[in-house]
Number of protein chains: 4
Amino acid sequence: MYYQIIIQLSMNEKQIEILEAAEVLFSTKGFDGTSVRDIAKAANVNVAMISYYFGSKDKLLETLFEDRISGFKMKTDAIYNKNISSFERLEILIDTYIKAMNTNAGLYQILAVEGTIKKRLLISPAFTDLKKFNLEVIGNVINKGIEEGVFNKNSNPILIHATMMGTFMNFQMNRSFLQHVLEFHTEEEYLSYIENELTDHIHKTIKALLTYEE
Amino acid sequence: MYYQIIIQLSMNEKQIEILEAAEVLFSTKGFDGTSVRDIAKAANVNVAMISYYFGSKDKLLETLFEDRISGFKMKTDAIYNKNISSFERLEILIDTYIKAMNTNAGLYQILAVEGTIKKRLLISPAFTDLKKFNLEVIGNVINKGIEEGVFNKNSNPILIHATMMGTFMNFQMNRSFLQHVLEFHTEEEYLSYIENELTDHIHKTIKALLTYEE
Amino acid sequence: MYYQIIIQLSMNEKQIEILEAAEVLFSTKGFDGTSVRDIAKAANVNVAMISYYFGSKDKLLETLFEDRISGFKMKTDAIYNKNISSFERLEILIDTYIKAMNTNAGLYQILAVEGTIKKRLLISPAFTDLKKFNLEVIGNVINKGIEEGVFNKNSNPILIHATMMGTFMNFQMNRSFLQHVLEFHTEEEYLSYIENELTDHIHKTIKALLTYEE
Amino acid sequence: MYYQIIIQLSMNEKQIEILEAAEVLFSTKGFDGTSVRDIAKAANVNVAMISYYFGSKDKLLETLFEDRISGFKMKTDAIYNKNISSFERLEILIDTYIKAMNTNAGLYQILAVEGTIKKRLLISPAFTDLKKFNLEVIGNVINKGIEEGVFNKNSNPILIHATMMGTFMNFQMNRSFLQHVLEFHTEEEYLSYIENELTDHIHKTIKALLTYEE
DNA sequence: CATGAATGAGAGTTCATTCAT
DNA sequence: CATGAATGAACTCTCATTCAT
């Protein structure tokens, strides 16, 4: 059994609206490119309310992360199911991860962009713990496959993770260029490409990497 | 023979200093997080000089790209050498690309961060042309290998490229976290890891992907 | 009965102070010669407050006009009194107009100076409507006199108005020169001259024009 | 015999071009609304040249006046012709003055606008001397008529002048509004109106004023 | 003699935040 | 408890002018 402790920050409706507005704006315009007035307007609240509720713009970003960070944590129930093969387990793992990235696209985007600037975000205990947990899950899945003799030895979870996430994020961050190159004219086409071709590609890549004979 | 025309924008020393300062600051603090005063101070010039030489902060960013963009273009001499195997060619391709990303780390970083906000950068003709050229080179290398029967058919250059670049950039953008997880205490250790383990991993990944038998 | 609707823009004390400071400064130093910092200092408020309350320096000027523009509208009660002769009516008209120009000297000055540059001011509906109304009143008074056979036919309200206003404004705009020529040493002397000699002259001029036999 | 001393400031071609550009720009955009860069661009010269040739922007304005000021001085040959009646003399006077204002429209415009701000212009000896000379000419013409018994006694040249010039300038400064009210759609219509209707009106006004019997 | 390069000063505006109510 | 009012600081950019060449 796996217990999951969810720390639910108690928030009222307005606070939630502010966070939602902030998430959208930060991910599309960047943290520095978004003013608290933008957020207040989008959330339909008074400007002063942001300082009032969150202390400052910086703390708003941190709170946003703290609040959303649980979505970064992999759901492991299906992964740790013992009645499946290592390959099936791997597929579930990858699907789970991609789904999480798709669901939390805004947050991942913010993290990618602001993480390099506001390093604090990347090294906050809450975030590193989750990331380490995820890397551990990936490590567990790989080790299980190694034990079973179906995955290559010396497979590095950190590098596997970098490829899985990096490939996906590359599509998030170069959207404008790729839509242009792939000659997509609607948002739907792009999202569909991510869900199908890109996801298949990531599956294939990781599987190839784990089974490839040098 | 491949001729390469390098358009050298004629700049004086001060202009070059400004661009260099801007590159460093934009890549570490973001475009919106960097003030023209920061740049002027770092470049040791008067604030007014940035408007004077580049027109505006926005145009400074564009000029920075135009000036640096040639570094994005793959050198193809070694790649198109006919006396090597497809595997050797692939290795050269990957090394060339990784080297380019390492050399232009600042620009890639800025592009990754600002590209999502200032979409103009990603879809400027100069940039898209270069990117298309690079994708074409990758496509050529892959197709040669397919013709020779050593690479899988249906290999997609765009996806291969996304994996190659995405994996690398993931290390650039999560530096703080990864340094922490990998327990590196110096910059050198990290750069060394990128040059060795990460580079090897990318080589292995792409090769696996192209030769993997489903 | 003539009803007059006064649209009172609701303003707080600080806004009023800003407008008053702006009126003085714009009329003495010109719009472009006045900085928002000058206005803020004169109004004893923070610089940011001007943008805060009026949006921009340009909009401050527009608001100033909108707010003061009612003063441009002739009070017609006395003019349309039926129990007076056309000559008496004309005298009241002229006195009313001169009084309005004296009372709103600052605004007239700004309008005269900025109107040629910021043409928008001169052709704004609010302003043109009032001016047309005034011209109509002048036309009515003249026509009444023509009907009564005491004023010349073919008298043109626009030209009459130009003479009335132009003569007056000439004294406003050449104050420095005229004070020098007339050897006045105090402000009071000048104002007194305007109220007496100049006003008499305008009366005489218009009356002469309307009754002059060619 | 009337001797006229023309002080010809020696200027080269570029200086003349600068003055011409400045006259146009100052009259349409105002002194403070015109930058030296605007002038340099319009005159097709280097920015530094304005300071170099004229010392400063302020001195450029002064030089412009000094250079153009001779145009303000009435040509008196025809006026002082002894073989004409006082009425003919008056007509010539008015025509001469209106023609001067039309010819030097730009300068009159600048003077009207900047004179209230830069009082120095209005009280410079060169300017006041010319103005006094003009007033004297007007006075002479009027006195001659009074002597001949055809003009009213107590006619004040300063007030007559204010009416003549004020009426004319009113049309210059309210051009946008008047074009709108008079429903003129071309510049030519307006200029034609000034040359015909307005000029006639001024003639009539002054004549009426001088002959009007109270 | 003329000018491109450079600059300090100041322009209008927006910023995140504070505070009295 | 929530907010309109207010503000100091900082922003980008333009200004007139200077000066070495």
Side-chain angles (χ1 to χ4, degrees), chain A residues 12-15 18 31-40 44-61, chain B residues 11-15 17-18 31-41 43-61, chain C residues 11-15 17-18 31-41 43-61, chain D residues 12-15 18 31-40 44-61:
Chain A
N12 64 34
E13 219 171 284
K14 297 214 168 181
Q15 285 170 300
I18 291 169
F31 179 80
D32 287 317
T34 302
S35 75
V36 290
R37 271 176 179 73
D38 291 338
I39 299 167
N44 207 31
V45 299
N46 187 283
V47 220
M49 203 172 262
I50 284 151
S51 291
Y52 178 68
Y53 275 137
F54 300 96
S56 71
K57 192 188 172 191
D58 263 71
K59 288 207 190 117
L60 167 63
L61 177 60
Chain B
M11 297 209 192
N12 63 35
E13 219 172 283
K14 298 223 168 185
Q15 283 170 300
E17 277 181 60
I18 292 169
F31 179 80
D32 287 317
T34 303
S35 76
V36 291
R37 271 178 181 77
D38 291 338
I39 299 168
K41 191 178 284 179
N44 205 29
V45 299
N46 188 283
V47 222
M49 198 167 273
I50 282 149
S51 291
Y52 177 66
Y53 275 133
F54 300 96
S56 69
K57 192 187 169 189
D58 262 71
K59 286 202 192 121
L60 168 62
L61 177 60
Chain C
M11 298 208 192
N12 62 37
E13 220 171 282
K14 299 224 167 184
Q15 284 170 299
E17 278 181 59
I18 291 170
F31 179 80
D32 287 317
T34 303
S35 75
V36 290
R37 276 174 179 79
D38 290 339
I39 299 168
K41 194 177 283 178
N44 206 31
V45 299
N46 187 284
V47 221
M49 198 168 273
I50 282 149
S51 290
Y52 177 66
Y53 274 132
F54 300 97
S56 69
K57 192 188 172 189
D58 262 71
K59 286 204 193 120
L60 168 63
L61 176 60
Chain D
N12 63 35
E13 219 171 284
K14 297 214 168 182
Q15 284 170 300
I18 291 168
F31 179 80
D32 287 317
T34 302
S35 75
V36 291
R37 270 174 181 74
D38 291 338
I39 299 167
N44 206 29
V45 299
N46 186 284
V47 220
M49 202 171 261
I50 284 151
S51 290
Y52 178 68
Y53 275 136
F54 300 96
S56 70
K57 192 187 170 190
D58 263 71
K59 288 207 191 116
L60 167 63
L61 176 60

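A quick note: this is a predicted structure, and the numbers were derived from the prediction, not measured. Chain letters run A, B, ... following the sequence lines, proteins first and then strands; every chain starts at 1.
Rounded to whole Å, the distance from OH on Tyr52(C) to P on dT18(E) is 16 Å. Rounding to whole angstrom units, CE of residue Met11(B) and P of dA5(E) are separated by 14 Å. In this entry the distance linking CD of Gln15(B) with P of dA5(E) reads 8 Å, nearest Å. Atom C1' of nucleotide dA5(E) and atom CE of Met49(B) are separated by 7 Å, given to the nearest angstrom. Taking atom NZ on Lys59(C) and atom P on dG12(E), their separation rounds to 15 Å, with Å as the unit. Rounded to a whole Å, the CD1 atom of Ile50(A) is 10 Å from the C1' atom of dA16(E). In this structure, Leu61(B) atom CG and dC13(F) atom P are separated by 12 Å, rounded to whole Å. Look at CD on Glu13(B): it is 14 Å from C1' on dA5(E), rounded to the nearest Å.
Residue order along DNA chain E, read from the 5' end via each residue's closest nucleotide, puts Phe31(C) first among Phe31(C) and Thr34(A). Closest-nucleotide positions on DNA chain E for Ser56(C) and Lys57(A) were compared, and the one nearer the 5' end corresponds to Ser56(C).
Checking the phosphate oxygens (OP1, OP2) of dG8(E), a side-chain nitrogen or oxygen of Asn46(B) falls inside 4.0 Å. Using a 4.0 Å cut-off, no side-chain N or O of Ser51(C) falls inside it from OP1 or OP2 of dG12(E). Phosphate proximity of dA2(E) to Tyr53(D): present, with a side-chain N or O under 4.0 Å from OP1 or OP2.
Closest to the side chain of Ala48(B), out of dT7(E), dC15(E), dT17(F), is dT7(E). Listed nucleotides dA16(E), dA2(F), dT7(F) differ in distance to Ser35(A); the shortest reach to its side chain belongs to dA16(E).
Partner assigned to dA20(E) is dT3(F), using Watson-Crick or G-U wobble distances below 3.5 angstrom.
When each of Leu61(C), Val36(C), Leu60(C) is checked for a side-chain contact (heavy atoms from CB on, under 4.5 Å) with Phe54(C), only Leu60(C) meets the rule.
Residue-to-nucleotide contacts include a donor-acceptor pair under 3.5 Å from the side chain of Arg37(C) to the base of dG12(E).
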